Structures are given as C-alpha cells and as structure tokens.
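Just so you know, these numbers use all the heavy atoms, side chains as well, and skip hydrogens, waters and symmetry mates. Below, read A as the first sequence line, B as the second, and so on, with proteins coming before strands; counting in each chain starts at 1. Here the structure is a predicted model, which means the values were calculated and not measured.
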There are 2 protein chains.
Amino acid sequence: MIDLLSMKNSIRAARESEIVEGFYKLAQEVGLENASIAKIAKRLEIPPSLIMHYFPTKDILIQELITFILEHYQLIYEPILTQLSTSKSLDVDNLVERLFSREWNLLFDDGVFYSCYALTFRNPTIREAYKDLHGALRRTLDEILQQDPVLGKGDTERLAEQIFVVVEGAYYYLGMIDDRVEYATKLEFFKQQVIDLLKVVSVGE
Amino acid sequence: MIDLLSMKNSIRAARESEIVEGFYKLAQEVGLENASIAKIAKRLEIPPSLIMHYFPTKDILIQELITFILEHYQLIYEPILTQLSTSKSLDVDNLVERLFSREWNLLFDDGVFYSCYALTFRNPTIREAYKDLHGALRRTLDEILQQDPVLGKGDTERLAEQIFVVVEGAYYYLGMIDDRVEYATKLEFFKQQVIDLLKVVSVGE
DNA sequence: TTTAATATTGAATGAACATTCAATAAACAT
DNA sequence: ATGTTTATTGAATGTTCATTCAATATTAAA
C-alpha cells in the first residue's frame with residue numbers, strides 16, 4: 001500500500017527500459033528500418049514474446065523509442081540551457097560553445113535521429129512529440145536571451161529560433177563530413193555564425 | 001550501329017524510370033521503410049520478377065532511388081542558381097526568394113528525403129552521393145556571389161556555406177509546422193535571416 | 001500457505017519479404 | 001525468314017517478419 005513503486009513495478013520498468021535501449025542500440029548498428037523485434041530479443045537474450053508482453057505492438061515500441069530519443073536530445077541541451085539561465089550575465093562564447101556540444105555526445109546517433117524525424121511526416125503522434133520538444137528548447141533559450149540587458153530588449157523569441165536554425169542546419173552539414181580536421185574547422189565556422197547573430201542584434205541596439 | 005539509343009535501349013530506360021518513379025511515389029505514401037518490391041510491382045501492374053530483371057537487388061534499386069531524389073533536389077536549385085549566375089547584377093531579394101522556392105515544389109517529399117539522408121550514416125556510396133550534390137550546389141552559389149562587386153571581395157565560399165546552413169535548418173523547422181499562416185510567417189523570417197547574412201558582409205566592406 | 005497476478009518461456013502462426021527460375025512473348029539483327 | 005537477344009510472365013523458394021497462445025515460473029497479496 002505504501003510502496004507504489006513495488007518490486008512488481010520495478011521489474012516492469014527495468015525490462016521496458018532494457019528493451020527500448022536495446023532497440024535503440026540495435027537501430028544504431030543496423031538502421032531503424034532493419035531493427036526487428038526478433039533481433040532485439042536475440043540481443044537481450046529473451047524470447048520475442050516477452051517484448052510483445054510489454055509492448056503489444058511494434059508501433060507502440062517505436063513510439064517509446066521516439067520518447068527515448070527525444071529525452072536524449074533534450075539531455076544534450078537542457079543542462080546547458082538551464083545552467084546558463086541561472087548565471088547572472090550572458091557569456092556569448094560560452095553559450096555558443098554549449099549549443100554545439102552535441103559533437104561530444106557519443107550517446108546520440110544522427111542516423112537514428114533523422115530516421116525518426118522522417119517518421120514525423122506520416123505519424124501525427126510522433127510529429128507532435130518532435131514539435132513539443134523543439135518548442136520547449138526554443139522557449140528555454142528565449143528565457144536565457146531575455147536575461148541579457150541588451151538582447152532582452154529585442155525580439156528574443158525570434159533570435160532563439162534563428163540560432164536553432166543555424167545549429168540544426170550546421171549538424172545536417174556536419175553529418176556529411178568524415179575528415180576530422182575539416183569537421184573541426186566547419187564547426188568553428190558555424191559557431192561564429194551564431195556569434196554573429198548575437199552581435200548583430202547588439203550592434204543594432 | 002548509328003542509333004546507340006535504339007528501341008531496345010529505350011524500352012529498358014523507360015521501364016527503369018517507371019520503376020524508380022513508382023518506388024519514389026510509393027515511398028511518399030507508405031514511407032521508405034514500408035516500400036517493398038511487391039508493392040511497387042502491384043502499383044505498376046507488373047510481376048515483381050520484372051523489377052528484379054532491371055534491378056538485380058533491392059540495394060541497387062535504393063541506390064537508383066537516391067540518384068533520382070538527388071536529381072530532383074538539384075532540379076530545385078540548379079535552374080535558380082544558373083539563372084542567377086547569368087544575370088549581370090546580384091538581386092539579393094530575388095536570390096533569397098529563389099533559394100526558398102522549395103516550398104512550391106510539390107514533387108519533393110521531405111519524408112523520403114530525410115529517410116534517404118539517414119542512410120548516409122551507414123552507406124558510404126549514398127554518403128558520397130549526398131556529399132557530391134551539396135558540394136556542387138555550394139560551388140554554384142559561390143560563383144554567383146563572386147560576381148557581385150562587393151561580396152566578391154569577401155569569403156564567398158564561406159558565405160555560400162552559411163546561407164545553405166540556414167536554408168537547410170529552416171526546412172528542418174518548417175517541416176514540423178502544419179499551420180499555413182505560421183508556415184508563411186516563419187518562412188519570411190528565415191528569408192530575412194539569409195538577407196541579413198548578405199547585408200552584414202556588404203556593410204562590413 | 002494458499003491464491004492471484006505477473007513474468008517468462010518456447011512453439012506456432014500466417015503474412016510479407018527479396019529473390020530465383022523456367023517458360024513464353026516480343027523486338028531486334030542478319 | 002531465321003536466329004538471337006531482350007522483355008515479360010507466373011509460380012515457387014526459403015527467410016524473416018510481427019504477433020498469438022498455452023504452459024510454466026516467479027513474485028506479491030491474503
């Protein structure tokens with residue numbers, strides 16, 4: 001009665017997480033389109049029927065994968081953004097550095113991410129999930145920009161959007177670069193592009 | 001002997017095009033991951049084995065689909081860019097208008113495009129095809145910018161890259177917007193963002 | 001300790017999958 | 001007209017797919 005998260009529930013929660021994570025890792029290796037329930041089961045050394053026990057259909061499992069991925073995505077930005085929102089003054093270079101820190105996040109797979117993004121064009125539920133996430137991130141950045149005495153007077157909502165457009169567009173291009181040196185150079189270019197966005201507004205004031 | 005593109009070849013070419021286009025349209029409707037050879041065959045009212053006759057494996061067919069898609073992608077930009085490259089002076093507003101004309105191209109499906117982009121992360125051949133295309137487009141825009149007396153003095157290669165980053169990032173965000181009015185408003189914002197990029201450089205000179 | 005609920009197993013299902021093959025039809029070259 | 005190449009057909013292959021089901025094991029509640 002007291003323990004709502006009883007052992008019974010923790011077994012369920014643990015298995016569900018294990019399955020979704022196994023699904024994600026498998027999708028990383030073979031692609032989302034080739035990640036089957038049988039393959040997940042083999043990887044986790046459980047029968048496929050156990051997966052169906054927790055996720056009655058594959059659609060539901062994919063839905064949970066999307067949630068998992070968007071949580072990861074948020075995990076990259078959220079601490080960066082919330083940390084910045086607590087500091088007194090806005091350090092532009094620091095902000096930009098952190099916005100592009102996705103580079104170092106090995107837990108994030110671009111192939112799986114774009115495969116899931118493609119699903120938004122035919123699945124309304126997934127579409128809403130993606131929209132919600134990006135809306136939330138943009139709002140957080142907006143709040144940070146508002147704290148700056150100069151930037152705060154301008155259209156921070158729009159500026160936040162402009163920044164994320166560059167960040168997303170940058171990662172689209174960076175995804176195609178194999179050479180490490182070229183990658184680093186381009187990354188610096190794109191960081192500067194965001195800095196320019198912030199400075200133009202400052203100069204304009 | 002004279003006619004290298006004889007009837008024999010035109011039958012083959014016609015069928016191959018028909019199959020790849022059928023594949024593309026099917027992928028638009030059901031998603032790339034659900035587009036099977038049997039479904040393409042049904043749609044074209046031919047036996048599946050005829051598809052295998054022209055495309056021995058599905059991998060080859062997907063490869064041809066990528067080529068088809070990238071040709072479409074190029075079709076959006078190329079006429080815009082080449083037309084601009086022949087005009088004497090650079091009309092900034094016109095350039096930007098044309099860079100964002102993807103909005104009106106009903107032949108282009110974002111869902112399929114991003115699904116294919118996701119394949120670049122595990123397929124080196126597809127990766128190269130995507131890289132080549134974006135490289136070519138960037139070079140063309142670079143040449144256009146070089147013609148401008150003011151912009152031509154600056155780093156046009158880098159500017160071209162910055163512009164495409166905004167364009168790609170913009171379409172990423174626009175892909176999630178359902179409301180037509182909001183879409184139009186955001187589109188104008190992103191166009192302005194590119195115009196700002198061009199003006200900053202001009203001012204800086 | 002008995003009962004009820006949940007977790008796990010393994011076998012089986014039919015549908016869809018890419019692919020193969022032999023046979024026929026059409027187009028082409030001579 | 002004849003022979004050769006190519007286009008097309010339809011049936012069949014074995015594999016993988018998501019999903020179902022009944023049986024068993026484990027855990028929680030009484």
Side-chain angles (χ1 to χ4, degrees), chain A residues 1-24 26-27 29-66 115-116 119 122-123 125-126, chain B residues 1-24 26-27 29-66 115 119 122-123 126:
Chain A
M1 191 72 87
I2 293 163
D3 190 7
L4 289 175
L5 286 173
S6 62
M7 188 65 79
K8 187 156 58 176
N9 274 329
S10 84
I11 286 177
R12 166 172 281 267
R15 264 281 189 255
E16 285 176 347
S17 300
E18 187 193 9
I19 291 167
V20 172
E21 278 180 42
F23 188 18
Y24 179 71
L26 180 65
E29 292 168 15
V30 301
L32 184 63
E33 68 278 11
N34 300 316
S36 70
I37 288 175
K39 285 177 190 163
I40 304 167
K42 193 171 213 172
R43 165 185 269 270
L44 301 177
E45 291 177 307
I46 55 172
S49 51
L50 187 56
I51 295 176
M52 303 305 293
H53 174 67
Y54 290 106
F55 306 94
T57 67
K58 201 191 179 185
D59 271 355
I60 293 172
L61 181 57
I62 290 174
Q63 203 68 247
E64 293 304 312
L65 178 71
I66 302 285
S115 283
C116 291
L119 297 179
R122 283 173 303 105
N123 185 320
T125 314
I126 294 174
Chain B
M1 190 72 89
I2 293 162
D3 191 7
L4 288 174
L5 286 173
S6 63
M7 188 65 78
K8 188 158 56 176
N9 274 330
S10 85
I11 286 178
R12 166 172 281 268
R15 264 282 188 256
E16 285 176 347
S17 299
E18 188 193 8
I19 291 167
V20 171
E21 278 180 41
F23 187 19
Y24 179 69
L26 179 67
E29 292 167 15
V30 302
L32 184 63
E33 67 278 12
N34 300 315
S36 69
I37 288 174
K39 285 178 190 162
I40 303 168
K42 192 172 214 171
R43 164 184 268 271
L44 301 177
E45 292 177 305
I46 53 171
S49 50
L50 188 56
I51 295 176
M52 303 306 294
H53 173 68
Y54 289 106
F55 306 95
T57 67
K58 201 192 179 184
D59 271 356
I60 292 171
L61 181 56
I62 290 175
Q63 204 66 247
E64 293 304 312
L65 178 71
I66 303 285
S115 283
L119 296 179
R122 282 173 303 104
N123 185 320
I126 295 175

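To the nearest angstrom, P of dC17(C) lies 15 Å from CD of Glu33(A). The interatomic distance linking Leu32(B) (CG) with dC17(C) (C1') rounds to 15 Å, in whole Å.
A donor-acceptor pair is defined here as one N or O able to donate and one able to accept, closer than 3.5 Å; no such pair exists between the side chain of Asn123(B) and the backbone of Leu119(B).
In this view, Tyr54(A) satisfies the ring pair (Phe, Tyr, Trp, His ring centres under 6.0 Å) rule with no residue, not counting sequence neighbours.
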Which donor-acceptor pairs under 3.5 Å do side chains of residues 45-53 of chain B form with protein atoms, sequence neighbours excluded?
none

Exercise. Base, backbone or nothing for each nucleotide of nucleotides 8-20 of chain D, written B, S, -, heavy atoms under 4.0 angstrom, 5' to 3'?
Worked result: BBB------SSBB

Problem set entry | Criterion side chain to side chain contact (heavy atoms under 4.5 Å, CB included) on Tyr24(B) and Ile40(B), from CA distance to verdict | CA-CA 9 Å; Tyr24(B) 179 69; Ile40(B) 303 168; over 6 Å; no

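When the side-chain nitrogen and oxygen atoms of Arg12(B) are compared with OP1 and OP2 of dT6(D), none of them lie within a distance under 4.0 Å.
Residue Leu26(A) holds its CG atom at 11.5 Å from CD1 of Ile37(A), rounded to the nearest 0.5 Å.
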